[in-house]
There are 2 protein chains.
Amino acid sequence: MTATASRADGRHAPRKRAGNGAAPRDGADDIGLDALVGHAGYAVRRFQIWIFQDFIKTLGEVDIRPTQYSVLTVIGANPGLSQMAVAKRLGIERARLVHLLDSLEQRKLVKRIKSKQDRRSHALHLTAQGETALTKFKRLAAEHERHVEAKIGKENRAQLLRILSGFT
Amino acid sequence: MTATASRADGRHAPRKRAGNGAAPRDGADDIGLDALVGHAGYAVRRFQIWIFQDFIKTLGEVDIRPTQYSVLTVIGANPGLSQMAVAKRLGIERARLVHLLDSLEQRKLVKRIKSKQDRRSHALHLTAQGETALTKFKRLAAEHERHVEAKIGKENRAQLLRILSGFT
DNA sequence: AAAGATTGTTGTTGACGACAACAATTGGCG
DNA sequence: CGCCAATTGTTGTCGTCAACAACAATCTTT
């Protein structure tokens, strides 16, 4: 055999100080992402993780997660909606919404009222407690939104909302 | 009971044709999101769902998901990294990376080579098969990226990448 | 050499999306 | 009218993913 480190699989070395083939580099700081940078999905994923974590932390004192907040907001703005309508509007599976509403109803924030027009469906309403609570949630959500501004800049946040306005 | 649909909880109607209190509106088209619009997190979540679904579909023929793609890309660009380094760089739990690598190793795309410097860690490399496969994956990923451009516009995509460049 | 930290691994928990099946009810159509 | 298809809420399963906790093997520090 030749002296050139076998490589029985017969491929060219990946053009980047691949070296001996068993030398782990740690650091994790100077690692190039190369092709990964330039992928919109990757950037969006990382940002979405950050933004959700900040939301969860900022609304941690009231124990409200982003999805719960969106449900409460939609019901608050459109009382009487059916579960199907809420699910469709928010892009949530109606099966998933069942559990979300179970939780929110247990916490006395939401009521399911049996509709008389369509006895299959429920008309969703905020309770009195739910409305006052939502006011507080909105205040905390606004605080979270300010964190976003502080992170990416007021101008950039506005641009972001404009660019993604088609997905709401 | 009176004719006014009880409302024993005694609250004012939430200012929007709440009406009888048990009238579900369907449609799901003309539902106002009100406060939800204007939340960066909501727009980003919806967009992220869309973009991932397109990625999964576009790379469906090769059965590669976004996270798998990111792992392959980083390893391909930085051969010899340890699992810890990859996990830290991509913001993945090292526990999660174990399963990801199990899968990729079964498919002969990645090799775990026991390091001689630090016998706790593994040096990660693409196999020959993995390198040629990654080339194809990148071509499909570029196609996916063109879908994104078609969806939000070339200019907006560039702006998005610029705004979120701090999260890569 | 002993104590503490790191690496890979296994396991659990909980949120979440995707599906499938089901009972009750409604609506369409012959 | 009566029957069949569709809709609504519900329950359940499966797979992905983040967050922890615990552990053995190994390194590092003292």
Side-chain angles (χ1 to χ4, degrees), chain A residues 24-28 41 45-46 48-57 59-60 63-71 80-105 110-124, chain B residues 22 24-28 41-42 45-46 48-57 60 63-71 80-103 105 110-124:
Chain A
R25 287 180 297 126
D26 305 69
R45 167 177 168 261
R46 295 298 293 257
Q48 203 255 353
I49 291 174
W50 180 89
I51 207 170
F52 264 51
Q53 280 176 346
D54 184 87
F55 187 100
I56 293 170
K57 183 166 51 175
L59 280 86
D63 191 30
I64 287 291
R65 315 191 95 257
T67 312
Q68 297 176 312
Y69 179 77
S70 70
V71 171
L81 284 184
S82 69
Q83 298 185 193
M84 194 61 206
V86 171
K88 211 183 295 181
R89 186 61 189 86
L90 290 177
I92 302 175
E93 293 265 330
R94 66 185 200 279
R96 166 119 191 79
L97 187 60
V98 172
H99 301 297
L100 284 168
L101 289 175
D102 285 348
S103 162
L104 294 175
E105 202 170 28
V110 165
K111 274 183 302 185
R112 282 190 254 223
I113 300 180
K114 284 209 281 259
S115 168
K116 284 150 192 164
Q117 284 80 1
D118 187 338
R119 306 209 330 267
R120 293 170 300 182
S121 69
H122 293 156
L124 300 176
Chain B
R25 287 179 297 126
D26 306 69
Y42 182 72
R45 166 177 168 262
R46 296 299 292 257
Q48 202 257 351
I49 290 175
W50 180 88
I51 207 169
F52 264 51
Q53 280 177 346
D54 184 87
F55 187 100
I56 293 170
K57 184 166 51 176
D63 191 30
I64 287 292
R65 316 192 90 253
T67 313
Q68 297 176 313
Y69 179 77
S70 69
V71 170
L81 284 183
S82 70
Q83 298 186 192
M84 193 62 205
V86 171
K88 211 184 295 181
R89 186 61 189 86
L90 290 177
I92 302 175
E93 293 266 328
R94 67 186 199 278
R96 166 126 190 75
L97 187 60
V98 171
H99 302 295
L100 284 169
L101 288 176
D102 286 348
S103 162
E105 202 170 28
V110 165
K111 275 183 303 186
R112 280 190 253 222
I113 301 180
K114 285 209 281 260
S115 168
K116 283 150 192 164
Q117 284 80 359
D118 186 339
R119 301 200 342 260
R120 294 170 300 180
S121 68
H122 293 155
L124 301 176

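Naming convention: chains lettered A, B, ... in sequence-line order (proteins, then strands); numbering from 1 in each chain. Keep in mind the model is a prediction, meaning the values are calculated, not measured.
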From the set [options], return the single nucleotide nearest to any side-chain atom of [X].
{"X": "A:Asp102", "options": "C:dT7, D:dT11, D:dG9", "answer": "D:dT11"}
{"X": "B:Arg120", "options": "D:dG9, C:dT7, C:dT10", "answer": "C:dT7"}
{"X": "B:Glu93", "options": "D:dT26, D:dG9, D:dC20", "answer": "D:dC20"}
{"X": "B:Gln53", "options": "C:dA18, C:dG17, D:dA18", "answer": "C:dA18"}
{"X": "B:Arg65", "options": "C:dC16, D:dT16, D:dG9", "answer": "D:dT16"}
{"X": "A:Leu100", "options": "D:dC27, C:dC16, D:dA18", "answer": "C:dC16"}
{"X": "B:Ala95", "options": "C:dT10, D:dG9, D:dC17", "answer": "C:dT10"}
{"X": "B:Arg112", "options": "C:dT9, C:dG8, C:dT10", "answer": "C:dT9"}

For [X], report the nucleic acid contact type (base, sugar-phosphate, nothing); a contact means any heavy atom under 4.0 Å.
{"X": "B:Gln83", "result": "sugar-phosphate"}
{"X": "B:Gln68", "result": "nothing"}
{"X": "B:Arg94", "result": "base"}

Provide, to the nearest angstrom, the distance between the CZ atom belonging to B:Arg119 and the P atom belonging to D:dA24.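 My rounded result for the distance is 18 Å.
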Over how many whole Å does the gap from B:Met84 atom CE to D:dC27 atom P extend?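 Computing the B:Met84:CE to D:dC27:P distance gives 17 Å.
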From the options B:Lys114, B:Lys116, B:Arg120, select the one residue that forms a side chain to side chain donor-acceptor pair (under 3.5 Å) with B:Asp118.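 That would be B:Arg120; it is the only one of B:Lys114, B:Lys116, B:Arg120 passing the side chain to side chain donor-acceptor pair (under 3.5 Å) with B:Asp118.
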